[in-house]
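In what follows, a structure is listed as C-alpha cells, so that the remarks can point back to it.
Everything numeric in this text was worked out from a predicted model, so none of it was measured.
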Amino acid sequence: MNKHERDISAQRRKLLGSLGALGVAAFGGSLTARGAESSTIELPFDNGERALTSAFPQKSGVILQRTRPPLIETPFDVFDQGVLTPNNRFYVRWHLASIPTAVDPATFRLDIRGHVNRVVSLTLNDLVRKFPRFEIVAVNQCSGNSRGFFSPRVPGGQWANGAMGNARWTGVRLKDLLEHAGVGANAVQARFNGLETGVIPQTPKFMKSLAIDHALDGEVMVAYAMNGEALPLLNGYPLRLVVPGWYATYWVKMLHDIEVLDKPDENFWTAKAYLVPDNHFANVHPGETGFNQVPIHTMLPRSFFTNVRSGATVRSEQPMLVRGIAFGGLNALKQVQFSANQGQTWTDANLGQDYGKYSFRQWHTVVSFPQPGKQVLMVRAVDATGQAQPNTPNWNGAGFMRNVIESVDIDVV
Ligand SMILES: Nc1nc2c(c(=O)[nH]1)N[C@H]1C(S)=C(S)[C@@H](COP(=O)(O)O)O[C@H]1N2
Ligand SMILES: [Mo]
C-alpha cells in the first residue's frame, strides 16, 4: 500500500467504526422526547412559543415542534455559527410514527431490485469498500420550511426558517449502484423506500421516486455519513438518499430498498402528496381553484440574516456588521444583494468560502446610518441563471416553497 491507499483505508476503518457504532437497541426502545423541557424559544410569528429540547437521541438544543412522529427544528442562531449545520442540531422530520429505534449495521441490507439485470443486496461494508466514495456539500430543506410565516396561515407543521440544514454528505453515487445492478432498458423511474412504517398497516409506506435519468445523473447519492460521521438515527441511519438541489422530501431516510420501475410510480407519497401549483414560485391566491399542480421538485434561491433580527438597535454613525447565509437551490448562487433603504438601491454583499453549488454560503456587509430613526435592511439571493427572490411572499394552501426577500427592522439611536 502506498501512503494514499493507507490514508483511504484508515478513513474507511474510521467510518466503518462509526457506522457500526449504533448497535441494536441503541436508544432503549424509545425515540420519544422524555423529561421536562428546560427552556423555550419564541418563533417570530403568532403562537410561536416552543420548547427547546435535548431529549431526542443524538440531538441537543433543538426546537420541539412535535414529539411523534418527531418534528424538530434548528434554532436559527445555529446558522450564524458556520456554513455546515452540526448533526446534533440538524432538523428532523418524519411522516410515520413507527421508526426503528435501532438498526443493526451487521445485518442491514440495501436491496436493488425491479427492472434490473440482477437483484443485489448490499451490506454497509460493500458500500464503503466496493464503490468509489462520493462527497458533496448540499442543503437539505423541507418543502414546508417557513410555513409558519404564511399569511393567511395554512395547516401543517408551523416551521420558522429552521427546517433546513447544510451538511457534507459522504457515500456512493446512486449511478454506481444502479449500474452495478444493471438498469433494464424499459426503466422509467427508481423508487426509494425507508425502513419505518405507519402505526396501522393501511398507512401507505413512505416511498418517493425519481425519473431514471435523474437517478443516473452522477450527483444523486446514497449517503452513509453526514459531516464525517455516521448519520444520526433520526436523520436516516444508516443510509439516506441525497438529491442535491431538490426538496428534502425526496431524500429518503433509512433507505433499504430501491426498486427500478418500468412505469410511473402511482404510490401516494409520489403521485398524490407534495403537489404544488405549476408556476415558478408555486404561487396562487388564497381561495383560487382550477390551477394545475405538479410534484414539488427543485429549490429556488434564498437568503437570510443570521446576526441581526428585527428590533435590534444600532448607534448612528457606528459601522454595523451584517451577515447571513444564502443558497442557490438547483443552480449555483451568483450573488447576494443587500439594501439598507427598503429596497431602493442594492449593493453586492461579500461572499464567504464556496463549498460547491448546492451549499449554504456565508455573506456579509458593513453598513452605518448617519441619523437616528427606523431603518429596514433587506437581502436577496440571485442564482447563476439570474433568478432572484420575489418582493412579496408566495402563497399556496400546503405552505410549500416559501420565498421572499427577507427584511429586518432596526432602530438607529
Ligand atoms: N424514510 C423517510 N425519509 C424521509 C421522510 C420520512 O418521513 N421518512 N421525510 C422526508 C422529508 S418530507 C424531509 S423534510 C426530510 C427531512 O430530513 P431530516 O429529518 O434528515 O432533516 O426527510 C425526508 N425523508
Ligand atoms: Mo419535508
TODO: Decide, yes or no, whether a salt bridge links R361 with D354 under the criterion of side-chain N to carboxylate O below 4.0 Å.
DONE: yes

Between [X] and [Y]: side-chain donor-acceptor atoms closer than 3.5 Å:
X	Y	value
D111	S121	yes
E196	S98	no
R302	Q389	no
Y247	N145	no
E219	Y358	yes
T385	D383	yes

Task: Among R402, M164, R93, the one residue meeting side chain to side chain contact (heavy atoms under 4.5 Å, CB included) with W159 - done: R93

- [ ] Report the residue from F268, W94, W269, F192 that forms a ring-ring contact (aromatic ring centres under 6.0 Å, His included) with F206.
- [x] W269

Determine whether a donor-acceptor pair (N or O, by modelled atom type, separation under 3.5 Å) exists between the side chain of [X] and the backbone of [Y].
X	Y	value
N394	M401	yes
R50	E73	no
K59	F90	yes

Within a strict 4.5 Å, meaning less than it, do heavy atoms of the [X] and [Y] side chains meet?
X	Y	result
L255	R240	no
K130	H180	no
W251	W169	yes
V322	F338	yes
S368	M320	no
P393	F149	no

Open item on the list: With a sphere of 6.0 Å drawn around NZ of K205, does it hold more than 12 non-hydrogen atoms of other residues, nucleotides or ligands?
Closed with: yes

Open item on the list: Please confirm whether the ring centroid of F305 lies under 6.0 Å from the ring centroid of W363.
Closed with: yes

TODO: Please find out if less than 6.0 Å separates the ring center of F79 from that of F304.
DONE: no

- [ ] Answer yes or no on whether K208 is positioned over the face of Y250, meaning its NZ or CZ is under 6.0 Å from the six-membered ring centre and within 45° of the axis.
- [x] yes

